[in-house]
Each structure stands twice: as structure tokens, then as C-alpha cells.
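The next block holds one structure in the form of C-alpha cells; read it before the comments.
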Number of protein chains: 2
Amino acid sequence: MTMPSRVLAIMQLFLGDQRVWTAEAIGRALDVSTSTAYRYVKELCAAGILDPVIGAGYALGPAIMQYDYRLRETDPIIQTARPIMQNLIDRTDQRIDVILCRRFRDCVLCIHQENGRDPHPPTSYARGVAMPLFLGATSKVILAHLPAKGLQRLYLENERKIRERLSDATWKSFKDQLAIIRRDGYCLTRSEIAEGRVGLAAPIFNLDQIVASISLVMEASTFGELNRRLPVIDIVRASSTAISDRLRDTGAEVARS
Amino acid sequence: MTMPSRVLAIMQLFLGDQRVWTAEAIGRALDVSTSTAYRYVKELCAAGILDPVIGAGYALGPAIMQYDYRLRETDPIIQTARPIMQNLIDRTDQRIDVILCRRFRDCVLCIHQENGRDPHPPTSYARGVAMPLFLGATSKVILAHLPAKGLQRLYLENERKIRERLSDATWKSFKDQLAIIRRDGYCLTRSEIAEGRVGLAAPIFNLDQIVASISLVMEASTFGELNRRLPVIDIVRASSTAISDRLRDTGAEVARS
DNA sequence: AAAAAATTTGCACATAATGAGAAAAGGTAA
DNA sequence: TTACCTTTTCTCATTATGTGCAAATTTTTT
């Protein structure tokens, strides 16, 4: 570990739960001298990635917000999905949240959210928050369309955590569940991420690969009422298909990872 | 220019207006061999800062969103200001936007926004967007409290751009204006950033240094109406003071830069 | 004003990044 | 399938570059 990674390793320190780091602590963490740590910190500050904090130390800096803005405004998936997500709320209920997620490492990362205007409890998902890959409609709908290769291994690695929430989970039953999701083109879950909340998710494709999912998140009671009034499932499926179609039609350059 | 800066230089490429870069183009831009460019790109992808794009090349990656989330959730100024900004909308009008900005290099960067729920034209400001340092209430209220040292030089460097919007601007008149803002503790501008829009800003301090400003942004007609109904200026000033006070009382570790 | 802490700089040295080209992987078309 | 692209990784010898140390400087605290 050397080379570019030094800068990146420093940045990663700030994803842990310590907000402010002294140059000395950074040096210790990377096992380099304090003067070297200062050299790096200086460059990171000049780039706006880090920001000196008054008492002592450094925190994440303002350039991060600029990068995030760029990402937000140029990502073809977000751009394509945004109006459709807004529309989804307007056509259903102002007490729901719609989230757009993608896979990232062994997690599902929320990359955009649209919130209904009426008061309702906040979602656990928010832009930039990673969630486990095996719990919740959002995750399962993505898993269901991932290449089967390596899935079981991943499942078994995470089985302990999954059992905490779904006591009767086995690989067999999980696999069957995924097949059903694949067939139906949506996934509905209750109380898997947060107690009393319902998730309803559908997949988004690019070039036949799954690249994201959109999900409605709402209270169980809201869902019951909504489902009686409207064909919610069809609406969500239609929205996700509309996004996939538009990505294809515009020939969007979508990240793969 | 070498060292850490390579990684940072690559990242900066993505702040320009090209969203997707090939490894080869990156190599050319930094004047290094293609293989070196690939080495860096690989590390950046592993860190999630960059993301391979299907056709050809690399774009900003998902980790950016995680960093931004961290920043949003841990920045003491944002955390302190957020509820007060929401409250400000609720107590005034749902057709206004409230923005929180700080200085960043020779610009003013929006670091948080709260938008009224009722429909109204969008603000030019959004989280992560940098605005010129000499136009608009937001900027002027920050300028007015910056150490005088070097201000005139900065002003003269930017005079051309300022004149485009404010035809009668001179350093003398500008300086006088800043003195008035300092005395009054707020700044009100009309049509300086966007035609027909009013900005009303007040300063936020930490340890007697200006660290940010909050501003109301709204249509001129909304302001007229609002100002008749309520002491808006006093309300904004009180809000900004409340934020400064709370920062002091909690001993928040605020970035200085 | 003195003392302590934080940050920057100069220098000699060896580590660690570099370029060039070969090899491998991935994708496309015949 | 095969061949032929392009993209990406790897190997290796070379030396440019980042490194630690100690001293210097600046900033903060007492």
C-alpha cells in the first residue's frame, strides 16, 4: 500500500466515525511521519477535500459538495429517474417516499430520493446511505437480477445478520423468493428495514443488466389504503420500465461497476 | 506537481464540463503515460471515487455520495442551522427558499438549502453550487465581515464582471455599502443574481469570525407582501444570531479555511 | 513575554512510482 | 468458432520522487 492510495486512505479515514483528525493522528493511522501527513493534508486542503478546523485538526471540506453536485446533475440514471419519481408521488400519495438505489460493493446505496410533501415518518434511506444487500424490497429486487454466480456465497456470509430480522431464512427459501421476484418484476416487503414500514421496489435495467431500483417506502396503513384505491404495483412497475426504456432510447452512458 | 496531487488532479478533471474521461485522456491531461493513468484510475475506482462507464471511460463514483452524506450529517453549521432554517420558512412563507452559504476560495458556496413547499421558481443556489463573491445579498453579507485586508484587490480583479450587473459600481461605493451592511447586520438585494428576485441575508459568526450566511430568496412580489405582514428583516437577523449563539454555546468545532 | 504546540521547509537517501512494451482480457464482427 | 480489434493489466529496469529527520517558522496558549 503506497502510491496514490495514500491520499485515498486519508480520505477513507473520514468515512469512519471520527469527524476531525489531526495531522499527527493521520500520520499514525497511515504509519507515516507527521511531516508527511502534513504534506498530504496540505494538498487535500488546497483541493478543498479537507478543511482545517479551528481547534485542531481537519474535517471533510467543501469540494465534496461540489463533486456531489456534479454527480447529481450529470448522472443519467438520476436525471432520467427524477421526474418519473416525482410523478410517482403525485399520482399516488404525498405520505410516501420514493428512493432510487444502486448496488455498491456489498451494499445497496441510495442515490436519489423524492419525498412526499405531507408529514410522515422519515425513511432510513437517504442519498449517500448504504443499506445491507439482503434486507428490504430495494435490495432484493436488485439481488434477484444479479448474475447467480457468487450469490450463495454472499448470502451465507451474511446469513447471521439476515436471521436477526428474518428468523426463518434459508438459502433455498431465499433463492426461491428471488425467482418469484424475477418473474413478477417487483418486490414487496413489510417491516424488513424499519418496523411497520412497507417497501415496494421494481428493477431498472441498462443493456439487460440491472443498474438500479426504485422503491416506494411508506407506512403499512398508507400502503393498505393506497393499494385499495390504485393498482400501485402496476404503477411502480410501469415507472421502472419507463426509466429503463428512456435510458435505452437516449443511449445513456451508465456506470457499470 | 506530482505526488498526492496526481490523484487530486484527476479528480479535478471531473469538475470540468466533461463527465466521462478515458484513461488515455486522463494520461494526456496530466502528462503521464497511459499505464500510469490506468494505475491511478484503478485505485480511484477501488475507492469508489470513480466508476467505470460502460461504453468507454470513467465518471465520478458512488463514494462521493457517501462523503457528502457524512459532511451533511456531521457539519456543525449545517446541523445547527437546519432546524432554524425550516422554522424560518414556517414562520414566513412557503414560497421562499432559505439557503446557507459559506465562503470557498473566491466564491460563495451553498452548503444547505430548505425550500418552501408551495410552488415557486427555483433558486440559482443549490447545495454544492458556487456563486460569485461580489453579487447578491448572500455574498455581500459575507464580504462585509471579512478582514478588510486584500478586499480591494479582490474587488478590482472582479470589477468587470460586477459591472455587467451593477453598472454604477465603484470600489468606493462598494466599500460604503459594506460598511452599512456591517452596521445594520443584514443585506437586501434585488435582481442581482436572477431577475426579479430578492435576496435577504444575515451573517453567521463563530469566535467573532464570519463563517457563513443565511439568506431568504424569493420573488420581489412575495417579499413586498411579506414585508408588509411581518418584520422579515428582524426575523432573519434573529435567526442568524440564534445560529451564531448556538454554535458558541455548543463549542462547535467549525471549519476555518 | 515566554513556552508550547502546530505547521512548514531543506536536505540526503532509498523507496516507490514511472514508462515502455508485452501480455491478457474483453468485446465485436465475420 | 476464429480472428481482430480495444481496453486494461502486468513486468521490469531506471531514476525521479516522496520520505524521514531535524531545524526553522508560525501560531496558539499561558
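Residue numbers begin at 1 in each chain, while the letters A, B, ... track the order of the sequences.
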Touch class at under 4.0 angstrom, heavy-atom based, for B/Val32 against every strand present: sugar-phosphate
Per-nucleotide protein contact string for nucleotides 7-14 of chain D (B base, S sugar-phosphate only, - none; heavy atom under 4.0 Å): SBBBB---
Atom-pair distance (CZ on A/Arg28; P on D/dG20), nearest Å: 14 Å
Whole-Å distance separating the CG atom of B/Asp208 from the P atom of D/dT28: 14 Å
side-chain N/O A/Arg6 vs C/dA16 OP1/OP2, d < 4.0 Å: no
All pairs passing ring-ring contact (aromatic ring centres under 6.0 Å, His included) where residues 127-153 of chain B contributes a residue, at least two apart: B/Phe134-B/Tyr155, B/Phe134-B/Phe174, B/His145-B/Phe205
Length of the line joining A/Ile26:CD1 and C/dT7:C1', which is rounded to integer Å: 13 Å
Toward the 5' end of DNA chain D, by each residue's nearest nucleotide, A/Asp31 or A/Ile54: A/Asp31
B/Leu8 CG to D/dG18 P, straight-line distance once rounded to whole Å: 12 Å
Nucleotide nearest A/Tyr40 (side chain, heavy atoms from C-beta), chosen from D/dG20, D/dG18, C/dT18: D/dG18
Any A/Thr36 side-chain nitrogen or oxygen under 4.0 Å from OP1 or OP2 of D/dG18: no
Whole angstrom value for the distance that separates C1' of D/dT17 from CG of B/Leu30: 16 Å
Partner set under ring-ring contact (aromatic ring centres under 6.0 Å, His included) for A/Tyr38, not counting sequence neighbours: none
Smallest separation among heavy atoms of B/Asp75 and A/Arg19, with atom names: CA-NH1, 4.2 Å
Inter- and intrachain pairs under salt bridge (charged side-chain N to carboxylate O under 4.0 Å, His left out), touching residues 239-249 of chain A, at least two apart: A/Asp245-A/Arg248
Which residues share a salt bridge (charged side-chain N to carboxylate O under 4.0 Å, His left out) with A/Glu157, sequence neighbours left out: A/Arg153
B/Arg28: salt bridge (charged side-chain N to carboxylate O under 4.0 Å, His left out) partners, not counting sequence neighbours: none
